[in-house]
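Please read through the structure below; I'll follow up with questions.
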Amino acid sequence: MSAYRSESSLKIEPVKDAASVNSGVRKAVGAATVGTLIEWYDYALYGAAAGLVINKLFFPNLSEASGILAAFATFAVGFVARPLGGLLISHIGDKFGRRPALIFTIMLMGGATVAMGLLPTFEQIGVWAAVLLVLFRLLQGFGAGGELAGAIVLVAEYAPPHRKGFYTSIVNAAPAGGILLATFSFLTISYLPEDVLLGWAWRIPFLLSGVLFVVALYIRKHLDETPEYVASIEQAKARSKQQQTPLRELLANGRKELVYGFLSVTGHNANAYILAAFALSYLINTVGMSRSDSLLVVTASTTVAIVSVPLMGALSDRIGHTKVFALGAIFALVFAFPFFWLLDTNSVLIATVAMSLLYGIGYGAMAGAQGAFLSDLFETRYRFSGLALARELNGALVAGPTPFIAAALVNLAGGKPWLVACYLMLCCFLTIVAIVVAGRRSGNKTDRQEK
């Protein structure tokens, strides 16, 4: 079996030894994982900040409840730009190569997050502080729009078919790592006096993103193009076939797969953002748990996901990506009400167990199998576009608004979480339906024949 190394010109150079192939897989996983880690560090960082300081720094003229809603609304704004970013970046990735697209994403995300850490607050420039905050959230979202889809595609096209679930699950475990880093960074500064926290300390976690950004940029600049992408381009050249615009090909040949992909991530996105962004605010502002204890609960439970996602990915290689994906959605659906009942006990231990279960089984199974499931839905020549559009349209409609929707539902129910639990159940039901319908097209399929 031969593999290929490509330069920016897509010139093919054969790589004949297995060690070089394995080295390519390791480099791809490393490059993909560190970028995804930054994406989710940035997003979880803002999610944590939204529940802790954003309302006080940028919306101090609003009531506490309205300030929290406004903070989560700016969180959702980033997702509005994600589909647009996903379209542009995935076009670059399908037309010109995975590597330049992934370099572009990391530059946008890293730059926007560092800029947030340098922003003046409402006290300094009034309403313009919120305007600038929204602007940088849009830029951050635009860059993130192609990041995870591109990372999954990169690894899926390097990975051996029988290990695709495991290797792509490492990328999908990176979000939990980013959430952990972000939450831990805020946990560290949460012990400071509030005037210090709101004065300058809140900026530190945002500025630390610059370190991760430099590391990721260096790794990606030294990355080769994927063998599968190069082979696809060369096959098109050999047939003297002009490559169409990837989005046009996707909409012409992959509309059903796009719908399946969109619906399949609904439960995962609702579950992930209830855990990553809403739960912290709920524990502090509704349950009444202290800020430091709430951050400790989130930090401890997130570590479970870092372990469970690769384990679930490896399991999906053995029993099927579809089965494991559906398992996670079913568990999250069944556990929705018990999850909030356990949080409402106001016990650090019980809340940690509840979040660990939802992270470990619900999130772990859906994230672990998702990469292989989605990459198998789409042809190589428009795979990046398919993944990005499916994920980011769902992100704009489900993931981004979820913390805002959840906070609004709690207010609507008089401080009770039952409407949020119903919302999570509905999203997971849509995921189960999509997985079942699409299962025959994805499942454990390891190869796609180019048309």
Side-chain angles (χ1 to χ4, degrees), residues 34-60 67-68 70-72 74-75 77-78 106-125 128-130 132-137 139-141 143-144 147 174-218 276-277 279-281 283-285 290-303 306 403:
V34 72
T36 303
L37 187 75
I38 291 177
E39 176 195 356
W40 281 74
Y41 174 82
D42 292 349
Y43 265 74
L45 190 65
Y46 192 87
L52 293 173
V53 299
I54 293 296
N55 57 323
K56 298 174 183 177
L57 292 168
F58 293 90
F59 307 102
I68 292 169
F72 280 135
T74 59
F75 180 81
V77 160
I106 207 68
M107 291 179 68
L108 276 176
M109 288 190 308
T113 304
V114 172
M116 284 183 194
L118 299 172
L119 276 178
T121 63
F122 182 90
E123 184 178 301
Q124 295 166 312
I125 61 170
W128 286 105
L132 289 173
L133 180 69
V134 170
L135 174 63
F136 286 120
R137 278 291 295 156
L139 287 176
Q140 189 186 58
E147 172 56 41
I179 294 168
L180 177 62
L181 285 176
T183 309
F184 180 75
S185 66
F186 261 99
L187 174 62
T188 303
I189 63 174
S190 71
Y191 292 101
L192 295 171
E194 184 154 322
D195 61 328
V196 177
L197 175 63
L198 298 178
W200 57 268
W202 69 273
R203 300 181 185 275
I204 295 174
F206 287 92
L207 297 178
L208 286 176
S209 178
V211 178
L212 296 173
F213 160 65
V214 171
V215 172
L217 184 62
Y218 175 82
L280 180 61
S281 174
L283 286 171
I284 295 171
N285 299 301
S290 72
R291 184 171 59 199
S292 57
D293 282 347
S294 299
L295 285 164
L296 186 62
V297 169
V298 176
T299 302
S301 59
T302 305
T303 59
I306 298 174

Could you give the distance from CG (L133) to CZ (F58), rounded to the nearest 0.5 Å? 5.0 Å
Looking at I284 and S294, what are the two nearest heavy atoms and their distance? CG1-OG, 3.3 Å
Could you state the interatomic distance from CG (L108) to CD (E147), rounded to the nearest 0.5 Å? 11.0 Å
Does T302 have any side chain to side chain donor-acceptor pair (under 3.5 Å) partners at least two apart in sequence or in another chain, and if so, which? none
What distance separates L197 CG from I204 CD1, expressed to the nearest 0.5 Å? 9.5 Å
Is there a side-chain contact between V196 and P193 (heavy atoms, below 4.5 Å)? yes
Beyond-backbone contact of L118 with L207, side-chain heavy atoms, under 4.5 angstrom: yes
Answer whether the closest heavy-atom distance between the side chains of T113 and Q140 falls below 4.5 Å. yes
Closest heavy-atom contact between I106 and G35? CD1-CA, 3.7 Å
Across all chains, not counting sequence neighbours, the side-chain contact (heavy atoms from CB on, under 4.5 Å) partners of L296 are L187
As an exercise, state the distance from OH of Y41 to CZ of F184, rounded to the nearest 0.5 Å. 11.0 Å
If we only count heavy atoms from C-beta on, is the R203 to M116 side-chain gap below 4.5 Å? no
Nearest non-hydrogen partners of S209 and I38, listed with the distance: OG-CG2, 4.3 Å
Decide yes or no on side-chain contact (heavy atoms from CB on, under 4.5 Å) for L132 and I125, but give the supporting numbers first. CA-CA 10 Å; L132 289 173; I125 61 170; 3.9 Å; yes
How close do L37 and A174 get, heavy atom to heavy atom, and via which atoms? CD1-O, 3.5 Å
Side-chain contact test, heavy atoms from C-beta onward, threshold under 4.5 Å: evaluate it for L57 versus W202 and give yes or no. yes
Atom pair CE/CZ of M109 and F213 - distance to nearest 0.5 Å: 9.5 Å
State, with a plain yes or no, whether a side-chain heavy atom of T36 is found less than 4.5 Å away from one of P175. yes
Within a 6.0 Å radius of atom CZ on F122, are there more than 12 heavy atoms belonging to other residues, nucleotides or ligands? yes
Which residues pass the side-chain contact (heavy atoms from CB on, under 4.5 Å) test with T303, sequence neighbours left out? L180
Do W128 and P120 come close enough that some side-chain heavy atom pair is under 4.5 Å? no
Looking at A176 and I306, what are the two nearest heavy atoms and their distance? CB-CG1, 3.8 Å
